[in-house]
Amino acid sequence: IGAAKLVVVVAIFLLTFYVISQVFEIKMDANLGHIFARSALDAAAHSTKPPRYKCGISKACPEKHFAFKMASGAANVVGPKICVEDNVLMSGVKNNVGRGINVALVNGKTGEPLDTKFFDMWGGDVAPFIEFLKSIQDGTIVLMGTYDDGATKLNEEARKLIAELGSTSITNLGFRDNWVFCGGKGIKTKSPFEQHIKNNKDTNKYEGWPEVVEMEGCIPQKQD
């Protein structure tokens, strides 16, 4: 109530001042104008937005690390999204995603994108996917996300090749599971970047599909 009264009082004062100035042609002191202008600038400076980090992740990555953020597909409606170093590599908007397993390859030293592809693991053939996995060069960062169904056509050879990239969940990936993974060719340990949700009719968010899985983090730059 006090604030409302103050606003009314100030409004009346300004209106009165305006009328008087018009009647007596009083020019407002230039210094007063400068004071008002400076106050407005000070207010703008204090209302700065919080910092935005690459790919919209929650905190900045340390030096010699690449920021990434990714999400699996939502049912069979919204495609997956993969972003590295503020560069959206795959998304429905870019129209380069598809049913199955979506893969983006990134240079492990420079962070530059190398390739993007998707492989239909429901109605397609696993053979081209296996050949693609075998062709990945050492030192390459590999990001994968499922859309609709990414597991039906997967065989032991394909699963083994993905496990060699650092995945631990690939052996259990089933029909319509949601899965996102970031690993690397030539990695000697298991990747810490992996999320997997099982397709379960009792817990699914969508009819026939589990909820979207999202993941973000900082990938260490490959050192010589």
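We're numbering straight along the sequence, starting at 1. Keep in mind that this is a model prediction, so the values were computed, not measured.
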**Prompt:** Can D177 and H196 be counted as having a side-chain donor-acceptor contact under 3.5 angstrom?
**Reply:** yes
**Message:** Would a single hydrophobic cluster contain both L105 and F129, if residues Ile, Leu, Val, Met, Phe, Trp and Tyr are joined by side-chain heavy-atom contacts under 4.5 Å?
**Reply:** yes
**Separation between NZ of K117 and CG of N102, rounded to the nearest 0.5 Å** = 12.5 Å
**Item:** Q137 CD to N107 CG distance, which is reported to the nearest 0.5 Å
**Value:** 11.0 Å
**Complete:** Rounding to 0.5 Å, atoms CD1 (I187) and OG1 (T140) come to a distance of 12.0 Å
**Gap between atom CE of M215 and atom CH2 of W179 - 0.5 Å precision** = 9.0 Å
**Prompt:** Side-chain contact, heavy-atom cut-off 4.5 Å: L89 with V106?
**Reply:** yes
**Request:** May I ask you to test the E194-S191 pair for a side-chain heavy-atom distance under 4.5 Å?
**Result:** no
**Prompt:** Of the non-hydrogen atoms in L161 and K134, which two are nearest, and what is the gap between them?
**Reply:** CD1-CG, 4.0 Å
**Request:** Working to the nearest 0.5 Å, report the span between CZ of F66 and CD of E112.
**Result:** 8.5 Å
**Asked** Taking atom NZ of K59 and atom SG of C218, what is their separation to the nearest 0.5 Å?
**Response** 7.0 Å
**Prompt:** Same hydrophobic cluster for I101 and L143, using side-chain heavy-atom links shorter than 4.5 Å among ILVMFWY?
**Reply:** no
**Message:** Please check if the number of heavy atoms outside K160 that lie under 6.0 Å from its NZ is greater than 12.
**Reply:** no
**Item:** Closest non-hydrogen atom pair between H65 and C61, with its separation
**Value:** CB-CB, 4.1 Å
**Prompt:** Are L165 and I82 co-members of a hydrophobic cluster defined by side-chain heavy atoms under 4.5 Å apart?
**Reply:** no
**Request:** Work out which heavy atom in G145 is nearest to a heavy atom in P80; give both atom names and the distance.
**Result:** O-CG, 4.4 Å
**Message:** If you take the centroid of each ring, where Trp contributes its six-membered ring, are Y147 and F118 closer together than 6.0 Å?
**Reply:** no
**Item:** Whether over 12 other heavy atoms sit under 6.0 Å from Q223 CD
**Value:** yes
**V126-F132 co-clustered via ILVMFWY side chain contacts under 4.5 Å** = yes
**Request:** State whether the side chain of K198 and the backbone N or O of N172 hold a donor-acceptor pair below 3.5 Å, judged by distance alone.
**Result:** yes
**V84 and P113, any side-chain heavy atoms less than 4.5 Å apart** = no
**Request:** Using the side-chain contact (heavy atoms from CB on, under 4.5 Å) rule, take K94 and V88 through it: C-alpha gap first, then chi angles, then the decisive distance, then the call.
**Result:** CA-CA 8 Å; K94 289 180 74 75; V88 177; 3.9 Å; yes
**Request:** Not counting sequence neighbours, which residues clear salt bridge (Lys or Arg N to Asp or Glu O under 4.0 Å) with D86? List them please.
**Result:** R52
**Request:** Decide side-chain contact (heavy atoms from CB on, under 4.5 Å) for V142 and L133; before the verdict, give the C-alpha distance in whole Å, the side-chain angles of both, and the deciding distance to 0.1 Å.
**Result:** CA-CA 10 Å; V142 184; L133 292 169; 5.7 Å; no
**Message:** Would you say that K185 contacts E164 through its side chain, given a criterion of any heavy-atom pair below 4.5 Å between the two side chains?
**Reply:** no
**Message:** Looking only at side-chain N and O atoms, does D149 offer a donor or acceptor that is under 3.5 Å from a partner on T152?
**Reply:** yes
**Listed partners of N155 passing side-chain hydrogen bond (donor to acceptor under 3.5 Å, both in side chains), at least two apart** = none
**Request:** Indicate if F193 and I141 have the same hydrophobic cluster label, given that clusters are the connected sets of ILVMFWY residues with side-chain heavy-atom separations under 4.5 angstrom.
**Result:** yes
**Message:** I'd like to know if the side chain of N87 and the backbone of C83 have a donor-acceptor N/O pair within less than 3.5 Å.
**Reply:** no
**Steps toward side-chain contact (heavy atoms from CB on, under 4.5 Å) verdict (D125, K153)** = CA-CA 7 Å; D125 182 1; K153 291 291 180 72; over 6 Å; no
**Prompt:** Does the side chain of F181 come within less than 4.5 Å of I170's, by heavy atoms?
**Reply:** no
**Message:** Just to verify, what does E216 make a side-chain hydrogen bond (donor to acceptor under 3.5 Å, both in side chains) with, not counting sequence neighbours?
**Reply:** S58
**Prompt:** Which heavy atom in A71 sits nearest to a heavy atom in E214, and how many Å separate them?
**Reply:** CB-CG, 3.7 Å
**Asked** Taking the side chain from S72 and the backbone from T146, do they hold a donor-acceptor pair closer than 3.5 Å?
**Response** no
**Pairwise side-chain contact, M70 with Q195, heavy-atom cut-off 4.5 Å (strictly under)** = no
**Check: L114 and I136 side chains under 4.5 Å, non-hydrogen atoms** = no
**Asked** What are the two closest heavy atoms between K54 and A67, and how far apart are they?
**Response** CB-CB, 3.8 Å
**Message:** Could you report the tightest heavy-atom contact between N96 and S91, atom names first, then the distance?
**Reply:** OD1-N, 3.1 Å
**Request:** Walk me through it: do L173 and L154 pass the test side-chain contact (heavy atoms from CB on, under 4.5 Å)?
**Result:** CA-CA 9 Å; L173 190 68; L154 278 183; 4.0 Å; yes
**Message:** Counting only heavy atoms not in N95 (residues, nucleotides, ligands), do more than 12 fall under 6.0 Å from its CG?
**Reply:** no
**Message:** Taking the side chain as everything from C-beta on, heavy atoms only, tell me whether F68 gets closer than 4.5 Å to I57.
**Reply:** no
